[in-house]
2 protein chains.
Amino acid sequence: MEKIASLPRAHAETSASAHERVYRTLRTRIMHGELAPGEALTLRGIGKEFGVSMTPAREAVRRLVAEGALFLSSSGRVSTPELTNERIEELAALRALIEVELASRALPRAHMALIDRLQTINGVVAEMISKRDAVGYIRTNLEFHRTLYLRAQAPAMLAMAETVWLQLGPTMRSLYGRLGRTEPPHNHKLIIAALKAGDEPGLRLALRSDVTQGLRLLAT
Amino acid sequence: MEKIASLPRAHAETSASAHERVYRTLRTRIMHGELAPGEALTLRGIGKEFGVSMTPAREAVRRLVAEGALFLSSSGRVSTPELTNERIEELAALRALIEVELASRALPRAHMALIDRLQTINGVVAEMISKRDAVGYIRTNLEFHRTLYLRAQAPAMLAMAETVWLQLGPTMRSLYGRLGRTEPPHNHKLIIAALKAGDEPGLRLALRSDVTQGLRLLAT
DNA sequence: TTTGGCAATTTGTGATCACATGTCAGCCTA
DNA sequence: TAGGCTGACATGTGATCACAAATTGCCAAA
C-alpha cells in the first residue's frame with residue numbers, strides 16, 4: 001500500500017473509482033444473497049480484500065447503509081441486517097406496490113422480443129431451482145423482473161424496487177433455503193401469459209402473487 | 001482545525017458524530033427546499049461551514065447521493081439534481097403509491113388525538129401559505145403527512161416515502177413558487193374528513209389528489 | 001474584439017495517521 | 001470454581017496530505 005499512486009487507471013481495468021468498485025461488488029453480493037443475515041463486515045477487512053485503504057471501503061459501506069443494505073450498530077459496527085417479520089412484510093408490500101406499477105407500465109411496450117427473452121431467462125430460473133442453486137436462483141429471478149421492468153422506462157421506480165431487493169437480499173437466501181425446493185416458476189408463466197394476452201389485471205395479479213408468496217411463508 | 005481531539009463530546013452538544021450532524025443538516029435543507037435545483041456543493045465548502053474536515057463531509061455527501069438527494073457528476077462534482085419532467089412524474093407516482101398505502105394502514109389506528117394534531121398542523125400550513133413562506137410550507141406540509149404516516153407503524157415504507165420527498169425537495173421549492181399562491185389546503189381537509197369518517201376509499205382518493213395535483217402542474 | 005491556449009486554482013480521491021472506544025480473552029481474587 | 005476486572009487488540013472516526021483531473025481566469029495573437 002505504498003505511495004505508488006500515479007498508475008493511470010492501468011489498462012482501464014475497472015474504469016471506475018475504487019469506492020465504486022467496492023460498492024458495486026458488495027451490492028451485488030448482498031442483493032444476490034451471498035451474505036447471511038447478521039454477517040459482520042469490517043472496514044479494514046474490506047479494504048484488504050479489495051486492495052484499497054479504509055477510505056473507499058468506508059464510502060462504499062456508508063452508501064450501502066444509506067440504502068438499507070447494511071446495518072450500522074450504535075457502536076459503528078456494520079453487518080447485514082437481520083430483518084424482523086414485520087419489516088419483511090413491509091418490504092414485500094413495497095415490492096408488490098412498486099413492481100405491479102412497473103409491470104403495468106411495461107405492458108403496453110412489451111413486444112415479442114421481450115417475451116422471448118423472459119421465457120429464456122425463465123428457463124434458467126427453472127434450471128437454478130433444479131440445481132438447488134440459491135444464489136443463482138435469486139440472481140436469475142431478479143434478472144427476470146428487471147428485464148420486464150426496464151421496458152417501463154421508469155428509472156426512479158426501478159431504482160426504488162432494486163433498493164427493496166437489496167434490503168431483502170440476505171434474508172432471501174435463508175428464506176429460499178427453507179422453502180419448497182422444486183416448485184417451478186409457475187407465477188412467471190402466468191406473468192408471461194398475461195403479457196402475451198395484453199391482460200393488465202391478470203398481469204397485476206400474477207405479479208403480486210409472485211412477489212408476495214415467497215415472502216409470506218416465513219411465519220417464524 | 002488543529003489536533004485538539006479529545007474534547008469528550010462537550011456538553012452532549014450534538015450527541016452524534018460529525019458526519020451524522022452534517023448529513024442531518026444537509027438532508028433537512030434539501031428536503032425542505034432550501035437549496036435550488038442545480039446548486040453546487042463542494043466538500044471543502046461543507047467542511048468549512050460545519051467546522052470539520054473533508055472526511056465527514058464526504059461521507060455525508062455520499063450518503064445523500066445514495067438516497068438520490070444529490071447528483072454526482074461524472075467528474076465527481078456534487079449538486080442538487082435538476083429533475084426532468086419524466087422523473088418528476090415518476091416520483092409523484094411513487095408518492096401516490098406509497099403514501100396511499102401508508103394512509104390506508106394508518107386509518108384503523110387514527111384516533112381523535114391524531115386528528116386534532118393534524119388539524120393543528122394544517123392550521124400552520126395555511127398560515128405558511130398566507131405568508132408566502134415556501135420553505136415553511138414545505139416543512140409543515142411534510143410534517144402533516146409524516147404525522148399521519150407514523151400511525152401506520154411501517155418504518156420501511158415511511159423511509160421510502162421520505163426518500164422520495166428528499167429527491168423532490170429542490171424541485172418543490174421552485175414549483176410552489178410558480179404555483180397558485182393562496183389556495184387553502186383543501187385536500188388536507190378532505191383527508192381529515194375521511195379519517196374522521198373511517199372512509200378508506202375517500203382517504204385514498206383525497207391523498208392521491210393531494211400528492212399528485214401540485215406535481216402535475218409543472219408542464220415546464 | 002474575439003478566440004485559443006496555457007497556467008493557476010479549485011476540487012475530488014485515496015492513503016495514512018492519531019486517537020477514542022468497543023470487544024474479548026485471560027487472569028486474579030473471593 | 002465462578003465472577004469480575006484488566007489489559008491487549010480490533011475497529012471506527014476524523015484530520016491531513018499528496019496527487020490527478022477538472023475548472024477557471026487571463027493573456028496574447030489574429
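Lettering of chains follows the sequences in order, A, B, ..., and the numbering in each one begins at 1.
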Tell whether R58(B) reaches the base of dG14(C) with its side chain through a donor-acceptor pair below 3.5 angstrom.
yes

Provide, to the nearest angstrom, the distance between the CD atom belonging to E20(A) and the C1' atom belonging to dG12(C).
14 Å

Parallel, tilted or perpendicular, as decided by the 30° and 60° cut-offs, for the rings of H188(A) and H145(A):
perpendicular

Just how far is it from atom CG of L102(A) to atom CG of L107(A), taken to the nearest 0.5 Å?
12.5 Å

Could you give me the stems involving DNA chain D, meaning stretches of three or more consecutive Watson-Crick or G-U wobble pairs whose two defining distances are both below 3.5 Å?
C:1-30 with D:1-30

Would you indicate, yes or no, if dG14(C) has its OP1 or OP2 atom less than 4.0 angstrom from a side-chain nitrogen or oxygen of R21(A)?
no

Can you tell me which nucleotide in dG12(C), dT11(D), dA15(C) comes closest to the side chain of R44(A)?
dT11(D)

Sorted by chain and number, sequence neighbours left out, ring-ring contact (aromatic ring centres under 6.0 Å, His included) with F71(B) holds for none

Y23(B) and E67(B) side chains, donor-acceptor separation under 3.5 Å:
yes

Measure the distance from CZ on F50(B) to P on dT13(D) and round it to the nearest whole Å.
18 Å

Here the distance between atom P of dC17(C) and atom CE of M54(A), to the nearest Å, is 12 Å

Side chains of L97(B) and E101(B) in contact at under 4.5 Å (non-hydrogen atoms)
no

Do any side-chain nitrogens or oxygens of H19(B) fall under 4.0 Å of OP1 or OP2 in dT13(D)?
no

Within the structure, does a side-chain N or O atom of S53(A) lie under 4.0 Å from either OP1 or OP2 of dA15(C)?
yes

Measure NZ/K48(B) against P/dT16(D) and give the value in whole Å, please.
13 Å

Return the value, rounded to whole Å, for the distance between atom CD of E59(B) and atom P of dG14(D).
6 Å

If you find the nucleotide of DNA chain C closest to G45(B) and the one closest to T55(B), which residue's nucleotide is nearer the 5' end?
G45(B)

Which heavy atom of L91(A) sits nearest to which heavy atom of L83(A), and what is that distance?
CD1-CD1, 3.9 Å

At under 4.0 Å between heavy atoms, what does L41(B) touch on the DNA or RNA strands: base, sugar-phosphate, or nothing?
sugar-phosphate

R208(A) with E99(A): basic N within carboxylate O range, under 4.0 Å:
no

Just call it for T42(A): base, sugar-phosphate, or nothing, with non-hydrogen atoms closer than 4.0 Å on any strand.
sugar-phosphate

Is there a residue in residues 63-81 of chain A whose heavy atoms reach under 4.0 Å of DNA chain C, and which residues are they?
S75(A), R77(A)

Is there side-chain contact between P37(A) and E82(A), with heavy atoms separated by less than 4.5 Å?
yes

Mind checking whether T80(B) and T171(B) have side chains closer than 4.5 Å, heavy atoms only?
no

Could you give the CZ-to-P distance, from R62(B) to dG12(C), as a whole number of Å?
10 Å

